[in-house]
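A, B, ... follow the sequence lines: proteins, then strands. Residue 1 opens every chain.
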Amino acid sequence: MTQSERPRRAPQLTLVGPRTPSDEALVRAHLDGDRAAFGALVQRHQRLVLALVRRYARTPDESADLVQQSFLRAFAAAGRVFPRMRLSEEGAFRAWLLRVAVNVGKNHARDGRRWRLEPVEALDLPAAESAGVTERLEAEQRRRLVRAALDALTRRQREVFALRVDGELPFADVARVLGITENNAKVHFHHAVRRLRERLGREVEE
Amino acid sequence: MSTDCERLAALFSERRRGELSSEDARALDAHLAGCPRCREEAAGLQSVLAAVELPPVSIQELEALQSRRIGEGPRPVARSGAWKLPAVLMAAAAAAVLTVSVRPASRHQAGPVAPLETAAASAGDELLPEDAYSQELFPEMTSDTGDDGQVSLEDDALSLEGSGLFGNLDG
């Protein structure tokens with residue numbers, strides 16, 4: 001193959017090497033002014049962030065809002081704090097981002113006003129799209145109860161629960177994100193589910 | 001109470017997702033057979049796990065996410081409220097400086113008043129504790145317990161949300 005026959009390569013990020021750049025390399029590139037680095041990080045993590053915040057949103061647009069908030073808040077901290085931090089630990093940015101996402105969702109739900117005075121037609125519940133009004137109301141009522149029960153968990157329990165149930169991460173990965181042992185993550189999860197059962201009671205035991 | 005009793009919901013969650021090895025599945029069944037307390041809890045825990053799962057991400061959710069073009073970079077977006085953050089932090093910093101500046105005079109009226117530079121530096125330390133940031137940024141640096149299952153289950157929300165870094169600044 002001659003030089004002219006080689007396929008043209010797409011423009012590369014500043015710090016791209018032969019391997020896929022780590023999150024931490026992309027954060028450094030972003031802080032150095034590489035705009036493509038931000039996009040690469042968003043592309044890499046936005047599905048997981050969406051999974052973590054969508055429980056607290058009523059509509060797809062609101063879910064997207066919370067994803068956007070999570071990235072902007074994570075990067076606001078990155079610009080302020082990361083230059084002074086050691087980013088040699090792989091996974092540090094991802095762990096930080098996911099914890100921000102869990103808290104963005106939780107804090108969004110804390111404002112009870114966002115859950116009132118909405119007509120049934122305003123609800124956009126994927127699972128209930130084909131259901132009748134009664135079923136949709138019941139589905140939304142259950143979602144509210146679960147959100148309220150989650151709000152009563154400790155921060156660590158809520159983080160473990162969100163990463164496991166909403167993020168669908170294996171417990172080993174949950175543990176890495178939170179900087180705890182896998183056994184510790186499982187114990188927190190067990191107590192979270194027990195506490196949810198106490199609060200949800202008959203609502204879930206049919 | 002054995003270790004498996006403290007991980008029962010996690011084991012059910014793994015079995016539900018097909019993540020449990022056949023060996024671990026047999027161990028779980030054996031544990032249930034020999035532990036009346038866990039047998040009693042099993043149905044309730046599994047009902048909760050089934051009830052709290054969300055439906056799969058919908059096409060509408062993905063389309064809304066793609067249309068937002070988040071990856072194009074930070075820019076002021078009125079509806080997100082994200083750009084309120086710096087203003088809130090600045091207001092908090094100003095309040096803290098004022099508070100710290102006033103305190104020495106009220107507590108020690110007969111003594112010397114701390115120089116303004118010292119007071120401001122103290123306020124800065126309170127607002128931006130390096131250790132606190134480190135612990136929030138890198139969870140592995142937090143002082144959680146070891147692998148003995150004796151974790152702190154009390155509400156530790158203050159350690160993150162009370163820091164004011166992100167937790168309570170939502171509009």
Centroid-centroid distance, B/F12 to A/F189, less than 6.0 Å: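 No.
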
Which heavy-atom pair separates A/V174 from A/A185 by the least distance, and what is that distance?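 Scanning both residues completely, I find the closest heavy atoms to be CG1-CB, 4.2 Å.
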
Can you tell which part of B/E14 gets under 4.5 Å to a heavy atom of chain A, answering side chain, backbone, both or neither?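 For B/E14, the contact with chain A is made by backbone and side chain together.
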
Can you say whether B/E41 sits under 4.5 Å from chain A via the side chain, the backbone, both, or neither, judging by heavy atoms?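 When you check distances to chain A, atoms from both the backbone and side chain of B/E41 fall under 4.5 Å.
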
For the candidates A/R164, A/Q43, A/K186, which exhibits the highest count of non-hydrogen atom pairs separated by less than 4.5 Å from chain B?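 Among the listed options, the one with the most contacts to chain B is A/R164.
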
Got a sec, which residues hit side chain to side chain contact (heavy atoms under 4.5 Å, CB included) with A/L48, two or more places apart in sequence or on another chain?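 Residues passing side chain to side chain contact (heavy atoms under 4.5 Å, CB included) with A/L48: A/R94, A/L98, A/L169.
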
Sort A/V146 into side chain, backbone, both or neither according to what part of it lies under 4.5 angstrom from a heavy atom of chain B.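 Contact with chain B is through the side chain of A/V146 alone.
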
Does a side-chain heavy-atom distance below 4.5 Å link A/V102 with A/Y56?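 No. Closest side-chain heavy atoms not under 4.5 Å.
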
